[in-house]
Amino acid sequence: MTLNLIIAEKMDAGRRIAYILSKKTSKQKRSKGSFYIEFESNNERNVLVPLSGHVLEADFPSDFKDWLKSDLNLLIDSRIVYNVKNQRAINTLKNFKDADNIIIATDYDREGELIGTEVLKFLNAKNIKRAKFSALTEKEINDAFSNTINVDYNLADSAQAREEIDLIWGAVLTRFFSIASNRLWKDFISVGRVQTPTLGLIYKREMEIRSFVPEKYYKIKITFNKNRDFDAYYNNELKDRKTAEKIFSEVKNMPGRVKSFDKEEYYIYRPAPFNTNEFLREASYLGISPARAMNIAEKLYMQGLISYPRTDNTVYNKSINLKSIVEKLKKSEFSMEADLVLSQEKILPSRGKTEATDHPPIYPVSVPSKELTGDYKKIYELIVRRFLATLYKNAVAVRSTALIDVNGHDFISEGNIIKENGWYDIYKYKSYREYFVPDLEKNEVLNGRDYELQEKETEPPRRYDVSSLLKAMESLNLGTKSTRHDIIDKLYSRNFVTGNPVKITPLGEGFIKSIIDTNPRISEPEMTAELEMDMDKIASGTKTKDDVVNESRRMLHSVLNDFQGRTSEINKTINDYLNTGESLGRCPLDGNELFLIKYRDHYKIKCGDENCRIDFNIYSNGRIQLNDSKCPVCSLPMIKIIRKGQSPEVKCIDPACDYNKEKDIYGTCPADGGNLVLRQSRYGKRFLGCSNYPKCTVTYPLPQKGILKKTDKKCQYCGAPIIVLINGRRHFEFCPKIDCEFNRGGKIEKNKV
DNA sequence: GCAAGGTC
């Protein structure tokens, strides 16, 4: 019997393809180390093997393993080896290596073409065909398999050129910068075609903020009254104080006369269906990082709760039965919202700008049988609400605009009121700011209640937050829907940036500065655009992969030469930034700049003025911010220490201050009467330990989340101090000895009540 | 230990 071997890019697509081609009779076969789907059609045996992305991975030969012993110019010209990445898939494929026909049915894009060709060298390829489909619908799949085309080796080559160029540039420059700055192993400095220009964006924004010179401007506000107070503002720009004061004196205490009044209704459009980028951006507003949101979305997808989370598409395909999904959701906690959608005469979905054909937008496909918790619940709910919002009505708002004459000067008052909530009732994450202005008549005279001349300052541009960063990356074509969140994560884990809004660290700044001083190219987004052009040339056959990669190698030799010529300057720049530290803002004592310098095991907070008393070493493993408040004991500024998974700790900037000592003592040690002090373990977990350590080794574990409060009570059973845990509104009293009778008693008592 | 791109 003829054997057809079908290669799919991923499990989900593979199942779908087999299901359609087999007219629902396909069977999954699983044995140790192998997985495939089998079915018969037209008296032929078909075996479909689903991969999970790339099977091979580019790398350098192992002789280049040692960074310090490898010559970078030799590394540039080294041959590239391809290592197996997915052994299980290869093992499965080998069982069918003599198949009569091989049909590559990976995603129809550049990387898909490459993934498909990666498996060929493990097979005795006789007859190789390509099935091209751009949606997993019955028609597309059936058409693609009855009209197979040839594999486009040029397209696959273009993707391989990308892979090799990224590896060569990334590895060579990563090694160069790490070695030049003496930062090796876990502290290494990474360079890449996508990550470095992304960091460049953050750097550029930081420079704009720093060089920003605020300008004063003025506003004149008059509060009128008709049934209710409402505000009107002078209708021209006021940059000059004298002019502003003159006009203010002319209008002050004068009545207004309505010159015109207009009212118009307008739509606030419902949002478009979710693609990956928009989904990750919205998740970040819920406090969930893009990397974590993606991780959760993948799991929800694997559980069959949502559709495939990697997509650029923002238009629902016709084949999706939107109504049946809403009906499913009707039997969930979103029944109210689902009812709103179903109450419409017709369900018409919104559409976004991108109509791609590979995958649908992200939408819920079923309702969880067991209630989700934590961030999983938040993510699922976000996707459900977004989905329902795209199927519901636009909101309707009314804008009223009044032009008011006050002693010959024009004032304007603008009101905005929601008339119909529409999708806001479903998508509760967004709200609309309303402002009330009463209905007015032409020539109506208004009495002013309050007159105010306001002095304002223009503000610097904002730092990126992860949401606007994702958007900026997308618009500059940096990374893909599947990799952007990963790249942002890398910038954090390499210590180039911190926080959200995203702030560049001294390391990130010194690194980009040293690039810009030498050869800014590698920190600019154009690298990607140029690579894209070369890839197109390979795909169209005007250049070969080797031409492009070798040309790229020649360029890298020259770039590397520039950098190697300035090795000592680069080392100095990066280390100078690290030694100066990060600015924490102004010193509250003398207004000079306050610096936070990070060392291996502690931080130093130091004022720019050598004579200032603020110069403290803080032994802590969290992130440090300056707090607005002052220490109640010594009135020095307070700092906030943020540790992952813990509530922030606020303490006095002076480690020796009594406030800190008092604050951390939770009672006396039952063993030797020493103080039980709040401490942090090497792994950043908090616990109570005796102050007489190492003489006394008494410790108690503590819950990591929630605010801890001391009491003056002692446990009646074991003598440990009783502590209160505050979690939101809940207060919970417990003994730090976990298995103590107190805790059992406490719980029983609680249940009784 | 290096990149970016697939996907789990």
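The sequence lines fix the lettering, A, B, ..., with proteins before strands; numbering per chain opens at 1. Computed over heavy atoms, backbone and side chain alike; hydrogens, waters and symmetry mates excluded.
Cation-pi contact between A/R205 and A/Y464: present, with separation from the ring centre below 6.0 Å and deviation from the ring axis of at most 45°.
Residue pairs satisfying the salt bridge (Lys or Arg N to Asp or Glu O under 4.0 Å) criterion with at least one member in residues 288-302 of chain A, sequence neighbours excluded, are listed as follows: A/R292-A/D375, A/E298-A/R310. Sorted by first and then second residue, the pairs that involve residues 511-532 of chain A and meet ring-ring contact (aromatic ring centres under 6.0 Å, His included), not counting sequence neighbours, are A/F177-A/F511, A/F496-A/F511.
Checking A/I168 against A/S52, the closest nucleotide of DNA chain B that is more toward the 5' end is the one next to A/I168. Of the two residues near DNA chain B, A/V194 and A/D107, the one whose nearest nucleotide lies more 5' is A/V194.
Counting any heavy atom pair closer than 4.0 Å across all strands shown, A/R494 reaches sugar-phosphate atoms only and no base atom. The residue A/A159 sits apart from the nucleic acid: no heavy atom pair falls under 4.0 Å. Looking at heavy-atom distances under 4.0 Å, A/G112 makes no contact with the nucleic acid at all. At the heavy-atom level, A/R175 lies under 4.0 Å from base atoms of the strands shown.
Taking a 4.0 Å limit (strictly below) on heavy-atom distances, residues 60-92 of chain A reaches DNA chain B at A/F60, A/W67, A/K85.
A/H359 is linked by a ring pair (Phe, Tyr, Trp, His ring centres under 6.0 Å) to A/Y308, counting only residues two or more places apart in sequence or in another chain. Residues forming a ring pair (Phe, Tyr, Trp, His ring centres under 6.0 Å) with A/F96 (at least two apart in sequence, or on another chain): A/Y36.
In summary, the side chains of A/N575 and A/N579 do not present any donor paired with an acceptor at a separation below 3.5 Å, with no hydrogens or angles considered. Of the N and O atoms on the side chains of A/K545 and A/Q160, at least one donor lies less than 3.5 Å from an acceptor on the other residue.
Checked against A/E532 for a salt bridge (charged side-chain N to carboxylate O under 4.0 Å, His left out), the options A/R110, A/R162, A/K537, A/R193 give a single hit: A/R110.
A nucleotide of DNA chain B counts as in contact with chain A when one of its atoms lies under 4.0 Å from a heavy atom; the first and last such, 5' to 3', are B/dG1 to B/dC8.
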